[in-house]
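Taking it in order: structure first as structure tokens, then the write-up.
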Amino acid sequence: MTKTPLQFQHNGRDVAIFVDGGTNLLVALRELIGDMTPKFGCGQGGCGTCSVLIDGELHLSCLTLAETVAGRSVETLDGIKDGPNLHPLQRAFADNFAAQCGYCTPGMLMAAKALLDRNPQPSRAEVVEAISGNICRCTGYEPIINAVLAAASGGRARA
Amino acid sequence: MLELRKDLFADERDDNLKEIGKGTQRQDMLGHVTGTSPYFDDHKLQGMLHLKVVRSAHSHARLRRIDTSEAERSQGVRRVIRASDVPHNLNTLLSLINFGKDDEPSLAVDKVRYKGEPIVAIVADSPREAFEAITKVKIDYEPLPAVFDVEDALKPGAPVVNEVYPKNTFTYHETYDRQQLRFGDADRALASADHVLEQRYQMSPIEHAPTETNGSIAAPDTNGRYIVYTSTQALFFSVDTCAKILDVPSNTFHFIGGTVGGGFGGKVDTLTEPLCILGAMLTGRPVRYVFGREEEMQYGPPRGAERIYIKDGVMRDGRVVARKVRAYFDSGAYTRLSSYAAVKCAAHLPGPYTIPNVHGDVYCVFTNRTPATAMRGFGVTAMDFAIECQMDKLAHLVGMDPMEFRILNAYRDGDMKAHRREAKNTALIECVQVAAEKAKWPIREEFKRMSSRKDGGGIRAAVTLTPRETHAPAAAPIQQRTTYDRAPAATREPPPPPPSLPTSPPPPRPSAPSHGATRFSSVFGTRRR
Amino acid sequence: MPVTVKTFTSTNEAAAALSSDRSARYLGGGTLVMRALNEGDISISTVVRASDQAMTRIDASGARVVLGAGVTFARILAERDLGFLHAPARSIGGPAVRNMGTVGGNLFAPVPYGDFTVAMLALDAVVSVQGGLGGREIGIEEFLQSRDRQAGTLVLAISFAKPGSTEAFRYRKIARIKPKGGAVITLAAHLPVNGSRIVGARVALGSMAPTPIRARAAERALEGRALDASTINAAAAAAVEGTSPGDNALASAWYRREIVGVHLRRLLSGQE
Amino acid sequence: MTRHRGRGIASVNYPIGMNLGGDPSQALVHSNPSGKFTVALSSIDLGQGMKSVTRQICAETLGVPVEDVYVDTADSDTGPHCMGSFASRGTHRVGNAVIAAAREARGVMMEAAAEELEVNAADLETDGRGNIHVKGAPHRSISTKDVAIAAQFKQGKTISGRGIFLVPLSDVDPETGEMSPATCYAHACLVAEVEVDDETGEVDMVRMDSAYELGRALNPRLVEQQLVGGAWMGVSHALYETPEPYYPEPVHGPRDFVEYLMPGPGDICPHDIAVLERPAPDGPFGAKGPGEMCANPVLPAVANAIFNAVGVRIDDLPITPEKVLRAIRAQGGARPQPRR
């Protein structure tokens with residue numbers, strides 16, 4: 001089976017792998033690089049659990065053909081901590097009890113980060129819009145919205 | 001926003017505690033926000049193979065011929081698993097507590113009973129190669145008439161969904177086609193009630209829709225054992241189910257789970273583990289079997305639909321004097337857990353109210369749809385919907401405020417419940433009072449003063465005289481055997497016939513179980529001697 | 001058979017590769033093709049890509065707007081000159097899908113997807129395609145009617161005249177889930193006004209037929225009239241005419257027929 | 001006027017634990033040589049907080065800080081049997097098993113401390129901060145760490161405990177249904193306010209007010225998670241969800257999260273909750289279990305609110321816009337009921 005060489009930046013580090021034709025980025029990250037933070041939820045683009053940032057933009061890794069990220073930068077939840085310190089969003093999610101089963105949390109955090117990176121002081125409606133592609137079956141969304149708003153207003157100052 | 005009403009029931013509580021009652025951070029929160037909580041699928045194993053199943057294209061059909069020869073030669077295929085490869089290809093989940101007969105194969109034999117039923121499993125090097133092989137499995141179906149409505153399924157001449165239960169109903173106490181509840185004389189009370197209201201309610205099926213789909217990874221471990229990473233909601237339930245189906249001792253397996261991406265009841269059925277382990281046994285390689293989202297939505301078991309008829313008698317002063325309920329659980333093609341939920345539902349009647357005459361018949365019915373299973377509020381959610389809509393209508397009928405109507409009829413400490421146990425530790429009245437306060441819903445002073453701890457018991461503690469029913473429920477015929485139907489695993493004595501029944505021939509005495517599954521209890525539903 | 005990925009710099013080559021191979025599909029944003037692959041659609045064994053910059057070009061400076069087929073919804077939202085298209089662009093997916101999904105792919109998205117195309121239909125867009133035999137331009141209506149046969153052609157761009165005023169173009173997606181949900185129905189109306197009268201009215205509906213369609217009877221009710229209450233009511237009453245909605249998981253055909261007029265009335269009268 | 005508001009209520013109770021009992025759970029608790037405790041379970045955390053609540057229960061029972069306890073679950077080689085995480089049995093059954101195991105471990109710990117302090121174990125108490133001291137004489141104290149070291153290396157004792165909790169299986173009378181289904185019940189009452197569009201049948205949630213009686217809120221933040229998320233699921237069941245939109249006809253089943261409807265972050269409404277605590281005599285510290293019953297009152301409360309708003313009764317779930325619209329048409333228009 002022919003494999004295609006692929007190089008890109010994964011959380012700031014250069015990585016080189018060989019992928020089968022048609023491999024999606026989620027599989028490449030999880031099975032070839034070993035970054036288990038993006039999760040498989042549907043493979044259809046409907047749940048957002050596999051969300052990552054590609055060149056700073058929110059993308060669904062399950063719908064991204066792996067070889068299209070050649071030479072680009074891919075950021076996952078594994079890369080958002082500052083050394084041993086939690087990202088303000090991670091701390092806000094914890095403080096607001098914004099996770100139950102935790103499975104949607106990586107995708108939610110990446111969607112929230114994509115928002116705050118561009119819009120550090122979002123309104124509630126903007127937060128709702130930003131996480132609207134991400135399904136959570138446990139929390140009823142309210143604590144997640146509150147966590148993102150808390151990170152926006154106070155998290156940065158505390159960080 | 002959450003407010004703790006420490007002022008209520010304070011005299012029953014010791015609040016002098018150090019850790020209990022604190023809003024301590026979750027032990028798993030750090031793992032969740034860093035994405036390091038280990039779900040079953042987060043285990044990367046060398047040389048992992050992928051398992052996919054061929055699912056039935058029909059809701060009900062005879063399987064004339066299954067040709068897997070082309071699939072076996074398909075690129076990347078390591079193994080095609082057929083029904084005959086499954087050591088004990090017939091099970092019912094609650095056989096672990098000796099409840100019900102084995103009625104469901106891991107892979108269909110002779111017949112499929114719902115659309116999407118697994119028929120053949122493919123183990124291949126990649127998901128793509130498994131998908132390709134699936135299209136090469138040739139199945140010759142002979143479609144059969146299907147039944148989808150619970151009441152149609154009970155009509156004479158309805159297609160038999162599952163030959164283990166030829167009347168399309170689960171068999172209770174080895175005799176009855178339903179679980180009964182009889183408390184007082186509902187018919188007599190209805191005849192003398194000021195108003196009678198009969199209504200029909202329908203609960204839809206519900207998909208659990210956890211963000212993590214069902215799945216497992218099984219791999220040969222050292223010393224002849226198998227390690228299994230699983231999304232199960234019930235670890236030993238799954239261990240023992242696999243031990244039974246694969247006919248090996250339960251300590252063959254090392255199950256690891258406990259961190260699950262949502263369940264809500266949809267991960268109790270051990271859907272993937274048996275075939276996944278069998279794949280690992282037959283190939284000697286790690287095997288991963290994960291549901292896709294469409295599979296999860298359509299062929300993962302839903303909360304079953306329920307149809308409920310309620311007939312109530314109410315007096316002008318607002319007292320509900322009789323409640324008669326007939327409920328049908330749509331179990332789909334196999335029993336799974338619906339049979340048990342029907343008993344729980346019967347126990348729940350007539351809701352949290354003291355009603356002196358209650359009559360319940362709860363049926364677990366088989367239809368040609370995806371087997372149903374447990375879900376959050378199992379056996380109760382739909383009945384609560386029906387009862388509480390009914391309570392609203394009754395309050396409207398007698399011109400009472402719906403809050404006051406509920407307080408008036410609420411059960412209190414010392415009251416006799418319809419399943420003939422005394423009510424204790426009740427708090428419905430206080431919940432209604434506090435909700436009214438929060439919502440600024442005006443209720444009269446006398447209703448604000450009522451209490452779950454006052455005015456219960458006494459005459460309300462009596463078991464109302466319950467007439468014997470003259471008609472005897474028809475005895476279930478001796479179960480039919482089909483070719484794949486091995487001896488049932490249950491070990492139970494035939495129960496003595498209920499006193500009001502004519503003697504019917506006892507069912508054949510089953511043989512002892514051959515598998516290593518744990519027995520949690522030896523007897524259910526029969527009187528202990 | 002694993003999937004083969006073929007990337008071309010020229011659209012000609014990409015189009016040739018597409019038209020010569022029945023198992024080839026063009027990969028735009030990935031929301032359709034990658035999903036199909038993930039779900040085990042083995043009819044696709046070749047994925048074709050084109051890196052030609054023209055595919056992602058936006059020309060919105062003049063009276064006629066040209067959007068390369070590979071333009072994403074996020075880029076439309078970032079374009080001030082395309083303010084009239086922000087509502088349809090925002091109605092697609094969540095932010096991640098908008099960063100990936102393209103206007104070209106949306107032309108092929110089946111019900112309950114494909115909302116942006118409803119807006120394109122109301123704007124009387126023209127679709128530029130490259131087939132095995134060369135390029136051509138097709139009116140969007142014709143394109144949609146023959147969509148099933150277009151799988152082997154490569155869509156290059158879509159173009160349309162900019163509405164005269166922001167008032168002239170209206171769009172609304174009726175979804176059960178907020179802010180992101182599949183369409184029960186989608187409505188778009190282009191109502192150019194000459195003096196006080198509507199000239200050249202176009203009303204497009206999504207989920208009212210297998211592909212987006214025009215509500216011609218409603219258009220007739222609007223044509224040549226002022227947009228007053230009686231005109232709006234007449235258009236609303238005619239909205240359902242000529243439609244053939246289906247049942248799906250989101251709503252029944254009956255429901256769609258019953259509410260299409262209500263929502264058209266609300267859209268035209270500016271009601272929530 | 002096409003939009004109408006209405007309020008509806010529902011009150012419910014819910015049985016805690018597997019119906020009829022017969023569903024045991026076990027726990028093992030042991031200390032390492034520095035006085036840190038591990039709870040070994042095979043119970044499952046689906047997000048409901050099993051690991052966290054059993055950790056607090058263990059810490060309270062042992063009399064040590066919660067940081068000194070770690071819950072390890074679920075490994076079939078190390079965790080003892082548990083029936084599983086379903087039927088609102090986790091807190092009640094597993095919680096009681098953990099109490100039993102922690103009590104046994106605490107007994108050994110106190111004996112070991114007594115030996116070190118040369119007093120009677122009955123005269124000792126824990127301060128919850130990692131120390132054991134003589135009642136009334138806080139200066140005569142030893143840390144749990146020193147106790148664990150002494151027990152392990154000097155006294156040869158294992159500070160550990162085993163626990164099981166089992167509600168014996170109840171019979172069911174086939175004729176009357178006489179049975180003991182559960183040992184305790186949680187309670188709730190919920191008021192839902194909705195807005196109904198009488199031209200489209202669409203229903204929007206306006207707000208919810210509720211009271212839940214749960215025996216004991218072992219961790220109010222975890223309780224809040226269950227009640228807020230559970231009420232959301234209740235709304236979802238009431239208005240949106242079905243994998244069989246044309247039940248009993250098995251057609252047009254949803255295939256993805258666009259076709260399977262659940263309320264999004266833009267569909268949620270304020271929810272004001274009161275928690276009442278009437279301890280269950282056999283609950284761990286009186287606790288029952290909020291996990292399942294939290295959704296149940298929402299469904300009928302929403303249906304009843306719709307009646308209050310427009311005068312139609314929808315007895316068939318989910319209450320889709322289509323069903324509301326058909327019912328409004330059938331009665332010749334909306335008939336708002338007296339405002340409550």
Side-chain angles (χ1 to χ4, degrees), chain B residues 1-5 8-9 13 18-20 23 26-27 148-149 173 180-182 201-207 233-237 239 254-258 260 263 294 298 302 344 346-347 352 376-377 381 384-385 388-389 392 402 406 419-420 427-428 431-432 434-435 438-439 498 521 525, chain D residues 9-13 19 22 42 44 46 51-52 55-56 59-60 66 73-77 81 84-85 128 169 172 174-179 181 187 189 191 209 211 213 218 220-221 224 241-244 248 253 255 272-276 278-279 285 292 296 299-300 303-304 315-318:
Chain B
M1 238 193 24
L2 184 131
E3 171 201 17
L4 287 173
R5 287 294 299 267
L8 296 164
F9 303 113
R13 273 194 326 267
K18 292 194 167 71
E19 299 293 345
I20 294 300
R26 297 173 64 108
Q27 181 183 294
F148 297 111
D149 184 274
H173 314 283
Q180 299 190 162
L181 185 79
R182 299 288 185 268
Y201 298 92
Q202 177 73 51
M203 175 89 192
S204 169
I206 300 279
E207 154 61 17
Q233 268 180 256
L235 199 78
F236 275 95
F237 224 105
V239 168
H254 181 187
F255 269 49
I256 297 175
V260 176
E294 184 175 345
Q298 289 300 310
K344 183 174 172 185
R376 200 176 204 173
T381 301
D384 276 350
F385 172 72
E388 288 303 303
C389 288
D392 210 58
R406 283 170 174 85
H419 57 79
R420 296 166 195 251
L428 193 77
C431 282
V432 178
V434 171
K438 273 219 157 325
S521 67
Chain D
I9 89 145
S11 59
V12 303
N13 70 342
N19 194 55
S42 70
I44 308 295
L46 311 154
K51 295 167 189 167
S52 308
R55 184 183 185 209
Q56 277 173 270
E60 183 74 48
V66 75
T73 194
D75 182 317
S76 65
D77 277 6
H81 171 258
S85 291
L169 181 70
V172 180
E175 284 285 305
T176 63
E178 177 175 354
M179 60 179 129
H187 302 89
C189 179
V191 181
D209 291 281
E213 188 281 312
L218 298 174
R221 300 301 300 271
E224 186 175 17
E241 288 187 50
T242 176
E244 302 202 40
R255 297 158 294 184
D272 203 354
I273 303 167
V275 167
L276 284 61
R278 185 174 193 196
F285 300 98
E292 293 188 278
N296 290 352
L299 288 70
N304 294 337
D315 297 332
D316 185 353
L317 290 169

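Residue numbers begin at 1 in each chain, while the letters A, B, ... track the order of the sequences.
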Tell me if a side-chain donor or acceptor on [X] pairs with a main-chain N or O of [Y] at a distance below 3.5 Å.
X	Y	answer
B/R406	B/E388	yes
D/S85	D/I44	yes
B/T381	B/R376	yes
B/E19	D/V66	yes

Tell me, for [X] versus chain B, whether the close heavy atoms (under 4.5 Å) come from the side chain, the backbone, both or neither.
X	result
D/V191	side chain
D/A10	both
D/R278	both

- For chain B, the option from D/G84, D/A303, D/S52 that forms the most heavy-atom pairs under 4.5 Å: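 Ranked by heavy-atom pairs under 4.5 Å with chain B, first place is D/S52.
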
- Which of D/P243, D/P318, D/P181, D/A59 touches chain B most, by non-hydrogen pairs under 4.5 Å: D/P243

- Assert top hit (heavy-atom pairs under 4.5 Å, partner chain D, pool B/A435, B/A439, B/A347, B/A234) equals B/A439

- Between B/E294, B/Q233, B/R420, which residue shows the highest count of heavy-atom pairs closer than 4.5 Å to chain D?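 Looking at each option in turn, the highest pair count goes to B/Q233.
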
- Reported CG-to-CD1 distance for the pair D/N304 and D/I9, which is rounded to 0.5 angstrom: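 Between atom CG of D/N304 and atom CD1 of D/I9 there are 8.0 Å.
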
